[in-house]
Amino acid sequence: MDRDRLITQLTEAQKILEAINVAQDECDEILSVLEALEKKANEITNGSGILVIIPGIGLAIIGSQFGSYGFMQGVIGFLIGGIIGLVIGALIDSALNDKKRKAKGEAFYCENIEPLLEEKIKADKELEVLLNNEGYVNIAKFIPDDYLHLHAINWFKTAVVNMRADSLKEAINLYEEMLHKQRLEDMQKEQIEIANASLNAQQQQISIAKRQEENSRKTAAYTQKIAKSAKYGNKVSTLNTLRHWSDK
């Protein structure tokens with residue numbers, strides 16, 4: 001295969017893969033929004049209101065009155081009352097609001113999720129058409145699966161246009177050399193980061209040790225000062241006692 005034909009094929013591959021990437025990004029974006037909306041719909045349908053909390057608080061307060069018989073009795077009464085109150089509140093809330101929440105959840109689903117599901121189906125079909133397109137099938141025949149992506153195709157074309165490679169095989173070999181070099185650089189960078197982190201940790205340990213040593217030195221000096229003061233006080237007390245007896 002001559003260079004001009006290879007460049008033409010790689011240019012065509014770029015266009016096809018760019019279109020596929022756009023379609024794939026659109027599918028992923030719709031899916032992400034759908035997941036968020038479905039989570040919101042579930043929250044609306046299965047949520048709970050303030051009715052769950054009120055009985056729990058009330059019965060917890062009532063249960064805490066057992067504290068008059070002792071602290072532990074009050075704590076146990078508070079916990080049991082709170083649990084019973086929450087259970088009662090949940091039952092009341094479910095009886096009064098489950099149908100309303102379900103209706104709201106269904107309305108939210110119909111208004112927000114169903115239209116987006118239709119968009120998702122349409123986007124999936126468009127992506128499937130691109131993947132089954134004759135152009136994509138053709139480039140998949142001469143480009144290995146491991147390199148059937150834009151990063152590799154762009155690199156191949158640049159290498160061929162700049163006369164660094166005269167064939168797809170040479171372009172692939174150069175691409176693999178570049179990836180290998182990049183992996184080595186990433187490993188070196190990671191090792192440097194680990195070494196810097198270790199050095200920082202050692203410096204912190206040295207700094208802590210110096211502070212501890214300084215604190216110990218200050219403590220020892222302060223203790224020695226107190227001891228001297230006490231010794232001096234004892235001498236003064238002894239002299240005063242002797243003077244007192246000599247005066248007598």
Side-chain angles (χ1 to χ4, degrees), residues 13-66 74-137 139-140 143 145-155 179 182-183 186 189-190 193 197:
Q14 280 180 318
K15 294 177 182 178
I16 293 171
L17 291 175
E18 284 172 356
I20 289 174
N21 280 1
V22 170
Q24 184 64 63
D25 288 343
E26 184 179 357
C27 290
D28 292 342
E29 184 178 354
I30 293 173
L31 181 61
S32 177
V33 175
L34 272 173
E35 289 174 349
L37 290 175
E38 287 175 351
K39 182 179 179 181
K40 179 66 175 177
N42 287 331
E43 289 174 354
I44 293 172
T45 303
N46 302 316
S48 59
I50 195 170
L51 284 176
V52 175
I53 301 173
I54 293 176
I57 295 175
L59 288 181
I61 293 172
I62 293 173
S64 67
Q65 301 305 310
F66 285 95
V75 172
I76 294 171
F78 178 86
L79 293 175
I80 293 175
I83 293 170
I84 294 173
L86 289 173
V87 171
I88 293 173
L91 292 174
I92 295 173
D93 181 71
S94 176
L96 295 178
N97 297 317
D98 269 4
K99 290 183 179 179
K100 294 179 182 178
R101 282 195 290 264
K102 185 177 180 181
K104 286 182 180 179
E106 289 175 352
F108 181 87
Y109 185 92
C110 293
E111 183 179 349
N112 297 281
I113 296 178
E114 282 189 353
L116 205 58
L117 282 173
E118 294 178 2
E119 288 186 30
K120 179 68 168 60
I121 292 171
K122 181 180 177 181
D124 286 343
K125 286 181 178 179
E126 291 176 355
L127 178 60
E128 185 178 358
V129 169
L130 289 172
L131 292 173
N132 292 323
N133 183 275
E134 184 180 356
Y136 181 77
V137 174
I139 65 172
I143 296 177
D145 290 343
D146 289 345
Y147 308 102
L148 201 55
H149 52 83
L150 263 180
H151 185 270
I153 300 299
N154 290 340
W155 206 94
L179 291 179
Q182 192 174 64
R183 285 192 291 269
D186 290 341
K189 183 179 178 181
E190 184 178 355
E193 290 176 351

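These numbers were taken from a predicted model, which means no experiment stands behind them. We use all heavy atoms of the structure for the numbers below, so side chains are in, but hydrogens, waters and symmetry mates are not.
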Report the residues that fulfil side chain to side chain donor-acceptor pair (under 3.5 Å) with [X], sequence neighbours left out, ordered by chain and then residue number.
X	value
N112	none
D124	K120
Y136	none
D25	none

To the closest 0.5 Å, what do you measure between [atom1] ([X]) and [atom2] ([Y])?
X	Y	atom1	atom2	result
Q14	N154	CD	CG	4.5 Å
I121	C27	CD1	SG	11.5 Å
E43	K104	CD	NZ	14.0 Å
I143	I153	CD1	CD1	3.0 Å

With a 6.0 Å cut-off (strictly less than), is the heavy-atom count around [atom1] of [X], excluding the residue itself, greater than 12?
X	atom1	answer
E190	CD	no
E18	CD	yes
E134	CD	no

For the student: nearest non-hydrogen atoms of A152 and Y147, plus distance:
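That closest heavy-atom pairing would be CB-O, 3.5 Å.
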Where is the tightest heavy-atom contact between I16 and G135, given as atom of each residue plus distance?
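Reported closest heavy-atom pair: CD1-C, 3.4 Å.
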Side chain to side chain contact (heavy atoms under 4.5 Å, CB included) partners of [X], counting only residues at least two apart:
X	result
L117	L34, Y109, I113
E118	none
E106	K102
E119	I30, L116

Mind checking whether L179 and R183 have side chains closer than 4.5 Å, heavy atoms only?
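A side-chain contact exists here, since the closest heavy-atom pair is under 4.5 Å.
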Close side-chain approach of I20 and L127, heavy atoms under 4.5 Å:
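Yes, close enough: below the 4.5 Å cut-off.
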Just to verify, what does H151 make a ring pair (Phe, Tyr, Trp, His ring centres under 6.0 Å) with, not counting sequence neighbours?
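Y175.
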Distance-only polar pair, side chains of N42 and E38, donor-acceptor under 3.5 Å:
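Looking only at side-chain atoms, E38 and N42 do not form any donor-acceptor pair under 3.5 Å.
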